[in-house]
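Data first, discussion second: the structure below is written as structure tokens.
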Amino acid sequence: MAHEGPARTEGSPHHTPSPPHLPHLPVTDSGFHHQIMQLKKQQQLQQEILLQHFQQQRQQLAREHENQMREHLKSFVPQLWEQQKKAMEEAALREAREAREAREARERHERDRVELMRKKDIHEHSANASTQVKQKLQEFIKKKQANANGTVTTASYRNWGIVKSSSGESITSTGATATHPYRLTAPLPLNLNAPPPQPSPADYPLRKTASEPNMLKQRLKARVIERRASPLARRPLRTRHKHRNCEGGSPRGSPPGGCAAAPIREEEENGSRAAEFLFSSPSLPNISLGRPHVGPRLHPPPAAHTPAPVVLPPVSEAEALVVGGAGGRPVQRLGRTHSAPLPLGDPALQPPPVHHYLRDQIRKTVLTRAHDAAVQLREEEGEVIDLTSKRNDPPAPVEPAPLTRALSSPLVGARVPATGLAYDPLMLKHGCACGQHAPTHPEHGGRLQSVWARLCETGLAARTERTRPRKATLDELQSVHTEAHVQVFAGRGRDGAGVGAGGGAGGAVRQLVRLACGGLGVDSDTAWSDLHTAPAARLAAGALLDLALRTARGHLRNGFAVVRPPGHHAEPNQAMGFCFFNNVAIAARVLHTRLGLQRILIVDWDVHHGNGTQQIFYEDPHVLYMSIHRHDDGNFFPGTGAATECGAGPGLGYNVNVPWSCGTDPPLGDAEYLAAFRSVIMPIAKEYDPEIVLVSCGFDAAAGHPAPLGGYSVSAACFAHMTRDLMQLANGKVVMSLEGGYDLAAMCDCAQEVVRALLGDRPPAPPYAELCRAPHPRAQHALAATIAVQAQHWPTIKRYSSLVGMSALEAAPSVAAARLGALQSERDAADTAAAMATLSMHQHNRPVSTSAESSRSVSEEPMEQDEAK
């Protein structure tokens, strides 16, 4: 504090010397310094005081807030607890109710099942029958069979060996029949003259009923049947001599009663008899089938003087019944087949299964067709011989029947080539890094997405054949662009260090500029994306190229490429106007070099002139480039495309420009574009006779575009009619590539109608006012200037100069008459001469002018016909 007093005194205004006095300057500076220090200390002290007050107030507010929260919780927690407790009680009640319902459902299901079982025991038969029931069933069935078939049930069977009970257990014979109900007695010799004995129920074994299935036996039976059906699958059997109690021959399917259930007694090769007889029951497979046939053994009748009884071989019940009932008449021996007789219940006597029936039917059908074909072949050969033989009467002329396709012959060559459609969503990713669309960037991915959605919604995409686009190779890109340009924009170049950066060693450098939106671009309106622009540009070129190649080879009828970025502004070494690679030019050059096409037509109806396409083919005689565009005396982008630019060197005359210089007041429309087509484009194109037509299909001349981007009002129907006119060339091989078009609604409408025309649908008529309207005077002047320039290269265009000032309806008859006079082929010329000669013979007294009127109605241009209607 002792030092602060003098400091304040020296730093006070009363003791501070005035500035003019130089000797006192140090004292003034030190005083001023002390004042500043004092002020800083006071300020710091005040800040500390304020900070303490702030902290105290904040602590107080926090305490108050905490007290308020406690009070609120005290009043709110009980309510929350009550709600939670109520919810828990409701959940517990709901779970209890669900458990009770589930338990009741299970009990109800158990009661239903028990009741069903009780009813089944009462009303249904059990699968296992008792012995008494089986015996009763046996007696009843045997009585019915005896009464129905008239058979005698005698004890003509020998030992059964092993039989099976209803449960499937084997029961071995012990010798006495009375010991077991299933045991039969041995057969006794029968007297032929004795009456037939009465049947006994004990003589028949119990057979299995339908309620006692035996799956194993059924499978064995099926295998035996299959083995019998195929001779190759039969097992080799030893030769045995058989003694049969039924001689003669009988068919396999003979009715029961004719040796059907006769027992078989067999002997081995040494003559010894078998220990037991074999009997075929319905529940066992007939193991005697397939045995080799042994001739019958004849037993001569006994002599009259021999009193001793003759022991005859065993005879079946059927033979005994027939002989006994015949009253002593001679017995007719029954014929036998090579196989053993089948019992009554044998599966072979039953109808064949469905699969066997189908197999037999298919085999029968195949054999019948083969037989019919052989017979037809023999008949055809016989007809040839008859035609060459001499006849007195000349044969009547027979009209040849039209050829029909057989059901088995492939449909070769009958498929009409479809319309191709190229699209890939990868091209949607190209755009500026700022992510903005119109109006900042008119060329954006929404254009392509809208067109594709319209084609899918209208069903047009489903009617076309969608191709799979690919990226164009570097060699294909370099067919029209320089190597440096391809390296820069195909993804191999380096970005410049800044705006206007020049080239450097180690590869080409992109010259990029900073756009107003903050992104990068090649120029002020052509945006560039490092990740997506190069793949999209290569994909657009490759998609159109594949579509053009497939159309030129005949695999497709025509095609439409929904691609971006556009390409007709791209020059050999410069990207501009939203374009990086000239898609149409690449396709035309590859068609010429790879497929050898010599006449390729490129029609560009984008509202902007295709300066890149014109520059690439300006001296090429193999490509005819024709453009209809807004020019405004060179004041509309890109400023090229005057009528006097008609090619150079070998390509002189192969560049045709129709520049409009009428402004946008009034905007040009259908009347001017239809006039350009009928007076310039189509006459030159027909004289050129192209092998394929490529179209730079820009829709920025359609209605809805502002003046800087177009400003015209061409309708979608007009684009469809121009497309149909081009389809008259090159056998309909027209491939279109999307170029401009920035109004989404108008662009979608135009694309829809153009694709309809490519598919062959009838296009809608342009507005009637446009059909009746004559072209704008300045448009007529532009057409006249183009005709004057191109007349020396295409003389046929002079005939159409009078159509420039006419409307579409007025010019339709003149176009038809001029078309008749412009036939080029010898065949058409000969047909026309013959028609004119016939007309002169029938109408030699009429004036000559009538022939011209009649010739007008012979052939009219399709577009003008529709417009007139």
Side-chain angles (χ1 to χ4, degrees), residues 420 422 427 443 467 469 472 476-481 485 489 536-552 556 558-572 574-595 597 599-618 620 622-629 638 640-641 651 654-657 681 685 688 690-700 719 722-723 726 729-730 733-741 751 754 758:
M427 292 179 284
E443 205 288 309
T467 61
E476 292 169 346
L477 298 177
Q478 292 179 11
S479 61
V480 298
H481 295 283
H485 181 85
F489 296 107
R538 293 182 61 179
L539 193 62
L544 178 62
L545 177 57
D546 276 357
L547 201 62
L549 290 174
R550 294 187 61 184
T551 303
L556 296 174
N558 45 48
F560 187 85
V562 187
V563 296
R564 67 179 289 264
H568 69 144
H569 291 309
E571 297 180 350
Q574 179 63 41
M576 58 184 298
F578 311 137
C579 306
F580 298 90
F581 299 118
N582 201 312
N583 306 325
V584 174
I586 293 171
R589 182 60 56 83
V590 174
L591 288 174
H592 171 64
T593 57
R594 188 175 302 177
L595 300 184
L597 301 186
R599 298 183 308 279
I600 302 173
L601 173 62
I602 298 178
V603 178
D604 188 344
W605 61 46
D606 191 280
V607 76
H608 302 89
H609 179 247
N611 57 298
T613 310
Q614 172 177 295
Q615 181 179 353
I616 292 171
F617 299 109
Y618 203 67
D620 192 342
H622 303 291
V623 177
L624 172 62
Y625 175 70
M626 308 179 74
S627 177
I628 308 176
H629 53 274
T640 58
Y654 292 95
N655 195 87
V656 180
N657 288 315
I681 301 298
Y688 181 64
E691 299 175 82
I692 192 171
V693 180
L694 304 179
V695 182
S696 290
C697 185
F699 297 125
D700 41 7
F719 284 108
M722 292 190 296
T723 302
L726 293 179
L729 307 171
K733 296 180 178 180
V734 180
V735 181
M736 297 187 164
S737 177
L738 184 63
E739 296 287 355
V754 166
L758 292 176

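Note that this is a predicted model, so its numbers are computed, not measured. Residue indices begin at 1 and follow the sequence shown.
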Could you go through Asp546 and Thr467, starting from their C-alpha distance and side-chain angles, then the distance that decides it, and tell me whether this counts as side chain to side chain contact (heavy atoms under 4.5 Å, CB included)? CA-CA 8 Å; Asp546 276 357; Thr467 61; 5.9 Å; no

Just to verify, what does [X] make a side-chain contact (heavy atoms from CB on, under 4.5 Å) with, not counting sequence neighbours?
{"X": "Ser479", "answer": "Ile586, Arg589, Val590"}
{"X": "Gln615", "answer": "Glu571, Pro572"}
{"X": "Ala587", "answer": "Leu544, Leu545, Ala548, Leu694"}
{"X": "Ala685", "answer": "Leu601, Leu729"}

Can you tell if the side chain of [X] reaches within under 4.5 Å of the side chain of [Y], non-hydrogen atoms only?
{"X": "Trp605", "Y": "Val695", "result": "yes"}
{"X": "Tyr625", "Y": "Asn657", "result": "yes"}
{"X": "Asp620", "Y": "Tyr654", "result": "no"}
{"X": "Met722", "Y": "Ile681", "result": "no"}
{"X": "Gln614", "Y": "Ser627", "result": "no"}

Which residues satisfy the side chain to side chain donor-acceptor pair (under 3.5 Å) test with His622, sequence neighbours excluded? Gln598

Restricting to non-hydrogen atoms, name the atom on [X] and the atom on [Y] that form the minimum distance, rounded to 0.1 Å.
{"X": "Asp700", "Y": "Gly740", "result": "OD2-CA, 3.9 Å"}
{"X": "Phe719", "Y": "Gly698", "result": "CE2-O, 3.9 Å"}
{"X": "Ala537", "Y": "Phe580", "result": "CB-CB, 4.2 Å"}
{"X": "Leu595", "Y": "Ala552", "result": "CD1-CB, 3.6 Å"}
{"X": "Pro638", "Y": "Asn611", "result": "CG-OD1, 3.6 Å"}
{"X": "Val693", "Y": "Pro690", "result": "CG2-CG, 4.0 Å"}

side-chain contact (heavy atoms from CB on, under 4.5 Å) with Ser696: of Asn583, Asp606, Val584, only one passes, and it is Val584

[atom1]-[atom2] distance between [X] and [Y], expressed to the nearest 0.5 angstrom:
{"X": "Tyr618", "Y": "Asn655", "atom1": "OH", "atom2": "CG", "value": "6.0 Å"}
{"X": "Met736", "Y": "Asn558", "atom1": "CE", "atom2": "CG", "value": "8.5 Å"}
{"X": "Leu591", "Y": "Glu691", "atom1": "CG", "atom2": "CD", "value": "9.5 Å"}
{"X": "Leu477", "Y": "Phe581", "atom1": "CG", "atom2": "CZ", "value": "5.0 Å"}
{"X": "Phe699", "Y": "Glu739", "atom1": "CZ", "atom2": "CD", "value": "10.5 Å"}
{"X": "Leu597", "Y": "Ile692", "atom1": "CG", "atom2": "CD1", "value": "6.5 Å"}

By salt bridge (charged side-chain N to carboxylate O under 4.0 Å, His left out) - contacts of Arg564 (at least two apart): Glu443

Going through the distances and angles, do Asn582 and His481 end up as a side chain to side chain contact (heavy atoms under 4.5 Å, CB included)? CA-CA 8 Å; Asn582 201 312; His481 295 283; 4.0 Å; yes

Given Leu549 and Arg594, is the side chain to side chain contact (heavy atoms under 4.5 Å, CB included) satisfied, shown in steps? CA-CA 9 Å; Leu549 290 174; Arg594 188 175 302 177; 3.5 Å; yes

Say whether His629 and Asp604, considering side chains only, have a donor N or O and an acceptor N or O under 3.5 Å apart. no

